Participant: 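Shown below is the structure under consideration.
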2 protein chains.
Amino acid sequence: MPTRRSTATMKDVALKARVSLATVSRAFAAPGSVSETLTQRIVAAARDLNYTLNVNARSLRSQSSGLVVVLIPDIGNPFFSVLLQGIEEQARALGLAILIGDTHGDRELAATYARLLDTRRADGMILLNGTVPNRAHDGARLSPQRYPVVAISERIPGADIAMVGINNRAAGFEAVAHLAGLGHRRIAHIMGPADNILTHERAQGYREGVLAHGCDLWPEALQPGAFSIRAGRAAMAKLLDGPAPPTAVFAANDEIAIGAIIEAKARGLHVPRDLSVVGFDDIEYAESYDPALTTINQPRREMGRRAMAMLGELITDPDHRQADVNLEYQLVVRASTAPPRVASRKPVSRT
Amino acid sequence: MPTRRSTATMKDVALKARVSLATVSRAFAAPGSVSETLTQRIVAAARDLNYTLNVNARSLRSQSSGLVVVLIPDIGNPFFSVLLQGIEEQARALGLAILIGDTHGDRELAATYARLLDTRRADGMILLNGTVPNRAHDGARLSPQRYPVVAISERIPGADIAMVGINNRAAGFEAVAHLAGLGHRRIAHIMGPADNILTHERAQGYREGVLAHGCDLWPEALQPGAFSIRAGRAAMAKLLDGPAPPTAVFAANDEIAIGAIIEAKARGLHVPRDLSVVGFDDIEYAESYDPALTTINQPRREMGRRAMAMLGELITDPDHRQADVNLEYQLVVRASTAPPRVASRKPVSRT
DNA sequence: AGCGACGCTGTAAACCTTTACATGAGTTGT
DNA sequence: ACAACTCATGTAAAGGTTTACAGCGTCGCT
């Protein structure tokens, strides 16, 4: 018969240590403020009684929970895992715990998690999905009060929320520049979901790159898609079915890139000989794939750390205005890109 | 100047609705127990005042948090993501939230999360890493009191904790049976980390399979490893450097399998023509890999759901004894296995 | 009419901690 | 020697909810 422990409280500890309740509280909260003798007595008593702080009581009284909500659209997406580790690392350093909310892209669900802020159950929130959940929560009304919130990777339009990420437009440009530098002139782009802000930034970078390097830009060059292998495959199929297929593809993320490669292989094409592919994100499997993916590496751990650090400041000082942070990305050249088999024209020099 | 909302409490709602505090509480907690008229007045007042329940106060009073801790050794491991979704789904159905604790295999960290149970901040715990964290927490002493805990996938030795998973031994056996059925006689096994229980169960299944099908069993056939691509690669290299390399490999999980394939390819071998590989887990990338992985599929979402359901029962009734649950697994045959190039002997029929 | 039962509502205690304020002892400065 | 401080400690209120218990009106039954 598992007996729940009749929990010891501060009162019990105070009694046993022959001090007042307040002194016990202070002994734990502000180590300097209680004399050496008493502190020792208190610690000993707490140990003997197997005392543990009741966090709910503390939160109730101090109006803060020590918890931070992290909203993720899909925890299965490997892009987020390292990010999460960075967040968690920094959170621990700040004495905070994180609560991961997987929204599956469901706004309703996101709102549920966001409500944790309202109920004082969380002190702040990190957004990973490019949408402000509160908005959905009860119609169009945005919560009037401001909570500590920071966004990672995606700038949230119309919301005054600090962000840490990379310059996606520039990265997209660089991906195209790499392909153009190899001699490709017919470069397609498979995009992410239309409602995602990153999609447009990367596509914009693509467009500028294509223009700057004098490459082709035909109507079907920009394929709509989604951040998944399946979508990448489907889009690649369309591209390959077109009248003049591209010799290279810039995919909006690595999963799309993998999908594209699968489809190309299925049609007997060799990557990179017949088709070059560059991805985005540099997920763990990018390096292990066959061929190893050329892709844009984002400093994910650092992004997580920085975001959490910013949030920490915001929690202690809500009036603090945080500026956006843009970190360095990196084009990682691996085996999925090569010069086109028959260079349509001679290689274009980079501007 | 972001003004924190001067939060409305139940008292305010009671005042506005001209009822007592208790009635408001009951109106929310037990819908049936308050008259229609009052309920309406209360709901209206709550809406007008923008009232939200203070969860900390509730937790303090009711001694439960509505939170469940899920301990994961590595959130980056794709095996866990779907599992998590199953857990989360079921948790939501039960009105519980989950707190994901990534331990990075660090016992100290696991103990930190486990302490959430002590501090009444969590009502229960789901273990995904095969170790009981409390044990590490303060030396050898296991907490005397019992908390609602259930383990997924790994039976925890020496602890009386209910588990949901699959029969890993049988699955290992089946993997070998599949290879033997294709005609392989020289089948190696790359194992997971030695301190993991699954490692031994799968290895045991392998041994029994090899024996039952009259295959070779040489000293180096069982390669120690870890659940990672890198480890799989290294082990495969050793196997291939041996005097009589295997024609097939059973890897303890998919990442090992991918590592093994990478190494084989690097040496100019073709999979499955020169080497058959079967993995374990059927992670998302198994299907997309080249070649698509033959592997053991675990019903991950269902495992998560069941575990959470069991935990739910345990939370409401701590005395309830839960029996272990073994779910159905499935061997998924894809492109990474084939008959050996030169069948060493004629195909062995399955017993 | 009287009695018990029942259903709804109110009163007040309890949950455990933090913290403003009060107290008193010890120290410093003049 | 005494005022003015400092410092460690104690007292008690506050934080927002749940819930045992009590009160009261209504209904049905005899």
Side-chain angles (χ1 to χ4, degrees), chain A residues 4-43 45-46 49-67 95 115-123, chain B residues 4-43 45-46 49-67 95 115-116 118-121 123:
Chain A
R4 294 261 182 196
R5 164 177 56 198
S6 50
T7 313
T9 74
M10 269 196 182
K11 199 166 151 192
D12 303 326
V13 176
L15 224 58
K16 176 144 194 172
R18 305 189 308 282
V19 296
S20 83
L21 189 53
T23 306
V24 177
S25 175
R26 278 189 286 254
F28 288 123
S33 69
V34 173
S35 70
E36 185 61 26
T37 348
L38 289 196
T39 304
Q40 279 183 5
R41 281 226 304 271
I42 290 168
V43 169
L49 293 173
N50 218 329
Y51 168 76
T52 55
L53 178 68
N54 182 322
V55 190
N56 290 315
R58 157 182 289 183
S59 294
L60 172 59
R61 178 62 227 230
S62 63
Q63 304 280 33
S64 79
S65 63
L67 213 58
R115 223 164 293 156
L116 291 175
L117 287 174
D118 280 332
T119 51
R120 262 66 95 246
R121 200 160 164 162
D123 294 344
Chain B
R4 293 261 183 198
R5 164 176 56 197
S6 52
T7 312
T9 74
M10 270 197 182
K11 200 163 149 194
D12 303 326
V13 176
L15 223 58
K16 176 145 194 168
R18 303 188 311 281
V19 298
S20 82
L21 188 56
T23 307
V24 177
S25 175
R26 278 189 287 254
F28 289 124
S33 69
V34 173
S35 70
E36 184 62 26
T37 347
L38 289 197
T39 304
Q40 279 183 4
R41 282 225 305 271
I42 290 168
V43 169
L49 293 173
N50 218 329
Y51 168 76
T52 56
L53 178 69
N54 184 319
V55 189
N56 289 315
R58 157 182 289 183
S59 295
L60 172 59
R61 176 60 225 227
S62 63
Q63 304 279 35
S64 78
S65 62
L67 213 58
R115 223 165 291 157
L116 291 176
D118 280 332
T119 52
R120 259 67 92 246
R121 202 162 165 158
D123 295 343

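What you are looking at is a predicted structure, and each value in this text was computed from that prediction instead of being measured. Chain naming here is simple, since letters A, B, ... match the order of the sequence lines and numbering starts at 1 in each.
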Participant: Nearest to the side chain of B:Thr9 - D:dT17, C:dG10, C:dT17?
Facilitator: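 Of the candidates, D:dT17 comes closest.
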
Participant: State whether A:Ser35 places a side-chain N or O below 4.0 Å from either non-bridging phosphate oxygen (OP1 or OP2) of D:dT9.
Facilitator: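 Yes.
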
Participant: Strictly below 4.0 Å: does A:Ser59 bring a side-chain N or O up to OP1 or OP2 of C:dT17?
Facilitator: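 Indeed not, no polar side-chain atom of A:Ser59 lies that close.
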
Participant: In this structure, how many angstroms lie between the C1' atom of C:dC16 and the CZ atom of B:Arg121, rounded?
Facilitator: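 These atoms are roughly 15 Å apart.
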
Participant: What is the separation between atom CG on B:Asn56 and atom P on C:dA14, rounded to the nearest whole Å?
Facilitator: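 B:Asn56 atom CG is separated from C:dA14 atom P by 22 Å.
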
Participant: Can you tell if the side chain of A:Thr23 reaches within under 4.5 Å of the side chain of A:Ile42, non-hydrogen atoms only?
Facilitator: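 Yes, at least one pair of side-chain atoms sits under 4.5 Å.
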
Participant: Once you round to the nearest 0.5 Å, how far does CZ of A:Arg26 lie from OG1 of A:Thr39?
Facilitator: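 Result: 11.0 Å between the selected atoms.
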
Participant: Hey, could you give me the OG1/CE distance between A:Thr52 and A:Met10, rounded to the nearest 0.5 Å?
Facilitator: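 So the gap between those two atoms works out to 10.5 Å.
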
Participant: Using a 4.0 Å heavy-atom cut-off across all strands, classify A:Leu21 as base, sugar-phosphate, or nothing.
Facilitator: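 Here A:Leu21 touches the bases of the nucleic acid.
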
Participant: Is the shortest side-chain N/O distance from A:Arg58 to OP1 or OP2 of C:dT18 below 4.0 Å?
Facilitator: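 Checking C:dT18 against A:Arg58, a side-chain N or O does come within under 4.0 Å of OP1 or OP2.
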
Participant: So, under a plain 3.5 Å distance rule, would you say the side chain of B:Arg61 forms a donor-acceptor pair with the base of D:dT18?
Facilitator: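 Present.
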
Participant: For B:Met10 and C:dG10, give me the distance from atom CE to atom C1', rounded to whole Å.
Facilitator: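 Distance, rounded to whole Å: 15 Å.
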
Participant: Measure the distance from CG on A:Leu60 to P on D:dA14 and round it to the nearest whole Å.
Facilitator: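 Rounded to the whole Å, the gap is 14 Å.
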
Participant: Please state how far atom CZ in B:Arg18 lies from atom P in C:dT9, giving the value in whole angstrom units.
Facilitator: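 Computing the B:Arg18:CZ to C:dT9:P distance gives 13 Å.
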
Participant: Would you please confirm or rule out a distance under 4.0 Å between OP1 or OP2 of D:dG10 and any side-chain N or O of A:Thr23?
Facilitator: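 Answer is yes, contact under 4.0 Å.
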
Participant: A:Ile42 CD1 to C:dT17 C1': how many Å, rounded?
Facilitator: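 Rounded to the whole Å, the gap is 15 Å.
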
Participant: More 5' along DNA chain C: B:Ser62 or A:Arg26, using each one's nearest nucleotide?
Facilitator: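 Nearer the 5' end of the strand: B:Ser62.
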
Participant: Grab the CG-P distance between B:Asn54 and D:dT18 for me, whole Å please.
Facilitator: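 Going from B:Asn54 (CG) to D:dT18 (P), I get 10 Å.
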
Participant: Send over the distance from A:Leu53 CG to C:dC15 C1', rounded to a whole Å.
Facilitator: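 Value for this atom pair: 14 Å.
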
Participant: Checking contacts here: which listed nucleotide (D:dT17, C:dA12, C:dT17) is nearest the side-chain heavy atoms of A:Ala57?
Facilitator: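 My answer, after comparing the listed nucleotides, is C:dT17.
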
Participant: Say you draw a straight line from CG of B:Leu60 to OG of B:Ser65; how long is it, rounded to the nearest 0.5 Å?
Facilitator: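 One gets 12.0 Å once the value is rounded to the nearest 0.5 Å.
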
Participant: Between CG of A:Asn56 and CZ of B:Arg58, what distance do you get to the nearest 0.5 Å?
Facilitator: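 One gets 11.5 Å once the value is rounded to the nearest 0.5 Å.
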
Participant: Between A:Ser25 and C:dT18, is there a side-chain N or O to OP1/OP2 distance below 4.0 Å?
Facilitator: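 Affirmative; the distance criterion is met.
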
Participant: So, OP1 or OP2 of C:dC16: does either fall under 4.0 Å of a side-chain N or O from B:Gln63?
Facilitator: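 Looking at the OP1 and OP2 atoms of C:dC16, one of them is under 4.0 Å from a side-chain N or O of B:Gln63.
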
Participant: Could you tell me the separation between the CG atom of B:Leu67 and the CG atom of A:Leu67, rounded to the nearest 0.5 Å?
Facilitator: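 So the gap between those two atoms works out to 7.0 Å.
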
Participant: Give a yes/no answer on whether the side chain of A:Ser20 brings an N or O atom under 4.0 Å of OP1 or OP2 in D:dG10.
Facilitator: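 A:Ser20 to D:dG10 OP1/OP2: side-chain N or O found under 4.0 Å.
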
Participant: Under 4.0 Å, counting only non-hydrogen atoms across every strand here, what does A:Val55 touch: a base, just sugar-phosphate, or nothing?
Facilitator: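 Here A:Val55 touches no strand at all.
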
